[in-house]
J.: 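Got a structure for you, questions after.
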Amino acid sequence: MATFNSRPKRRSGKKPLAGLVAIFALSLQLLHADDAQNKIFAARAEAEFHRTQKIYQTAENATNAIPFARACFNFAGFATNKTQRASIAHLGISACRKTVADNPKLAAAHYYLAMNLGQMAQTEFMGALRIVSEMEREFKTAATLDPHYDYAGPERCLGLLYRDAPGWPASIGSNRKAKTYLEQAVTLAPNDPENLLNLAETDLQWHDLKPAQKEMAALDALWPKAQKEFTGDSWEHDRVDWTNRREALRQKLSSPVKSR
């Protein structure tokens with residue numbers, strides 16, 4: 001499923017919760033595309049938001065709610081202020097909560113509820129910890145219901161959430177859990193470049209040079225196939241992001257890094 005969702009730019013380390021939830025923000029990915037590309041991506045996201053919103057308003061069912069919730073997450077990533085981001089995310093959250101109530105075993109509803117909560121959390125301060133805990137719960141539910149959804153999206157997001165969150169007692173951060181879930185994502189969806197990139201970037205950030213080099217080699221081997229599989233406008237943003245991150249990773253691996 002082509003989405004902009006869990007294709008985030010993440011950094012490791014302990015940081016305020018307001019920074020942690022930004023790992024799910026499309027806006028961070030925009031750093032990897034030029035201004036002209038960003039305008040195109042933003043226009044597409046807005047058009048898809050309005051298109052799916054109109055459909056959802058005609059019939060508020062699960063079939064229409066999921067595309068709308070996904071569009072809300074994507075469009076919220078282009079918000080220019082917290083008020084706009086919160087307003088868009090709220091629509092996605094509301095659609096998902098209704099869908100979860102009616103269809104509690106629908107993985108996609110739990111997944112996009114967590115994703116839109118991530119957008120909402122960026123607009124919060126005091127309530128960020130509560131939101132992050134709910135995100136964790138919803139991603140875990142989605143992973144249980146359908147671990148393969150969105151190319152192992154629930155596992156991918158859990159890995160990033162555990163990696164970037166402050167550790168106990170401030171929050172849920174855990175390097176051990178992060179590594180487990182990021183590796184699970186690669187195992188479940190090995191053909192998705194995002195999963196390999198996340199794992200390689202994480203190992204490099206943790207100064208684990210040998211695993212990062214191995215994952216880089218796997219990514220290079222996968223690259224020609226991925227270029228053929230992930231095509232079309234809906235994947236263009238991801239391809240730009242993957243390409244830039246892959247080259248950045250290659251450059252960092254070419255420099256001396258102390259393996260822990």
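The structure presented is a predicted model; accordingly, all values stated were derived computationally and were not measured.
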J.: I'd like to check Q213 versus D203 (side-chain heavy atoms, cut-off strictly below 4.5 Å). Are they in contact?
T.: no
J.: Which atom pair, heavy atoms only, marks the closest approach of D192 to W242?
T.: OD1-CZ2, 3.5 Å
J.: Name all residues meeting the side-chain contact (heavy atoms from CB on, under 4.5 Å) criterion together with Q84; count only those two or more places apart in sequence or in a different chain, and write none if there are none.
T.: A79, T80, N81, I88
J.: Shortest non-hydrogen contact from I172 to V132?
T.: CD1-CG1, 3.8 Å
J.: In Å, rounded to the nearest 0.5 Å, how long is the span from CG of L182 to CG of L158?
T.: 9.5 Å
J.: By side-chain contact (heavy atoms from CB on, under 4.5 Å), which residues pair with R97, not counting sequence neighbours?
T.: I93, L113, L117, E134
J.: With heavy-atom distances below 4.5 Å as the criterion, would you say the side chains of P193 and L219 are in contact?
T.: yes
J.: For the residue pair E155 and A143, what are the closest heavy atoms and their distance?
T.: OE2-CB, 3.5 Å
J.: With sequence neighbours excluded, tell me which residues meet side-chain contact (heavy atoms from CB on, under 4.5 Å) with E183.
T.: K179, L199
J.: Quick one: side chain to side chain donor-acceptor pair (under 3.5 Å) partners of N103, sequence neighbours excluded?
T.: none
J.: What verdict does the side chain to side chain contact (heavy atoms under 4.5 Å, CB included) test give for L197 and E215, after you've listed the backbone C-alpha separation in whole Å, the side-chain angles of each residue and the deciding distance to 0.1 Å?
T.: CA-CA 8 Å; L197 278 164; E215 289 139 12; over 6 Å; no
J.: Without swapping roles, check the side chain of T141 against the backbone of R137 for a donor-acceptor pair under 3.5 Å.
T.: yes
J.: Regarding E48 and R44, does a basic nitrogen lie under 4.0 Å from an acidic carboxylate oxygen?
T.: no
J.: Is there a donor-acceptor pair under 3.5 Å between the side chain of N244 and the backbone N or O of V240?
T.: yes
J.: Taking atom types as modelled and ignoring hydrogens, do the side chains of R85 and T123 form a donor-acceptor contact shorter than 3.5 angstrom?
T.: no
J.: For the atom pair CD1 (I66) and OH (Y56), what is the distance rounded to the nearest 0.5 Å?
T.: 9.5 Å
J.: Apply side chain to side chain donor-acceptor pair (under 3.5 Å) to K105 and list each qualifying residue two or more places apart in sequence or on a separate chain.
T.: none
J.: Are the side chains of F230 and D238 in contact, using a 4.5 Å heavy-atom criterion?
T.: no
J.: How far does CG of L188 sit from CG of D146, to the nearest 0.5 angstrom?
T.: 9.5 Å
J.: Considering only distance and modelled atom types, tabulate donor-acceptor pairs under 3.5 Å from the side chains of residues 220-228, sequence neighbours left out.
T.:
from: D220; atom 1: OD1; to: R246; atom 2: NE; distance (Å): 3.2
from: D220; atom 1: OD1; to: R246; atom 2: NH2; distance (Å): 3.0
from: D220; atom 1: OD1; to: R250; atom 2: NH2; distance (Å): 3.0
from: D220; atom 1: OD2; to: R250; atom 2: NH1; distance (Å): 3.2

J.: Just by distance, do the side chain of R163 and the backbone of S174 share a donor-acceptor pair under 3.5 Å?
T.: no
J.: Using the side chain to side chain donor-acceptor pair (under 3.5 Å) criterion, which residues pair with N191? Sequence neighbours excluded.
T.: none
J.: Of all residues at least two apart in sequence or in a different chain, which pass the salt bridge (charged side-chain N to carboxylate O under 4.0 Å, His left out) check with K82?
T.: none
J.: With E138, which residues qualify under side chain to side chain donor-acceptor pair (under 3.5 Å), at least two apart?
T.: H110
J.: Ignoring hydrogens, what is the shortest heavy-atom contact between A69 and G92? Give both atom names and the distance.
T.: CB-O, 4.2 Å
J.: Could you tell me if the side chain of H90 sits less than 4.5 Å from the side chain of S94, heavy atoms only?
T.: yes
J.: Which pairs with one or both residues in residues 86-96 pass salt bridge (Lys or Arg N to Asp or Glu O under 4.0 Å), sequence neighbours excluded?
T.: none
J.: Quick one: closest heavy-atom pair of P154 and A142, and the distance?
T.: CG-CB, 3.8 Å
J.: Using a 4.5 Å cut-off on heavy atoms from C-beta on, say whether the side chain of M115 contacts that of C157.
T.: yes
J.: Ion pair present between E201 and R245, side-chain N to carboxylate O less than 4.0 angstrom?
T.: yes
J.: Say you draw a straight line from CG of N175 to OG1 of T180; how long is it, rounded to the nearest 0.5 Å?
T.: 10.5 Å
J.: Where is the tightest heavy-atom contact between Y162 and A178, given as atom of each residue plus distance?
T.: CB-N, 3.7 Å
J.: Is there a side-chain contact between L209 and L253 (heavy atoms, below 4.5 Å)?
T.: yes
J.: Applying side-chain contact (heavy atoms from CB on, under 4.5 Å), name anything that partners Q53, two or more places apart in sequence or on another chain.
T.: F49, H50, Q57, F68, L91
J.: Do Y112 and F73 have their ring centres less than 6.0 Å from each other?
T.: no
J.: Please round to the nearest 0.5 Å and tell me the distance separating atom CZ of R239 and atom OG1 of T231.
T.: 6.5 Å
J.: If you measure from CE on M120 to SG on C72, what distance do you get to the nearest 0.5 Å?
T.: 10.5 Å
J.: Going by heavy atoms in the side chains, are E236 and F41 under 4.5 Å from each other?
T.: yes
J.: Yes or no on side chain to side chain donor-acceptor pair (under 3.5 Å) for N195 and Y151, after CA distance, side-chain angles and deciding distance?
T.: CA-CA 8 Å; N195 293 332; Y151 298 88; over 6 Å; no
J.: Cut-off 3.5 Å, side chains only: do N61 and N64 have a donor facing an acceptor?
T.: yes
J.: Would you confirm whether D241, through its side chain, and H237, through its main-chain N or O, come within 3.5 Å as a donor-acceptor pair?
T.: no
J.: Please determine whether side chain to side chain contact (heavy atoms under 4.5 Å, CB included) holds for the pair L106 and L145, giving the CA-CA distance in whole Å, both sets of side-chain angles, and the decisive distance to 0.1 Å.
T.: CA-CA 7 Å; L106 184 60; L145 292 170; over 6 Å; no
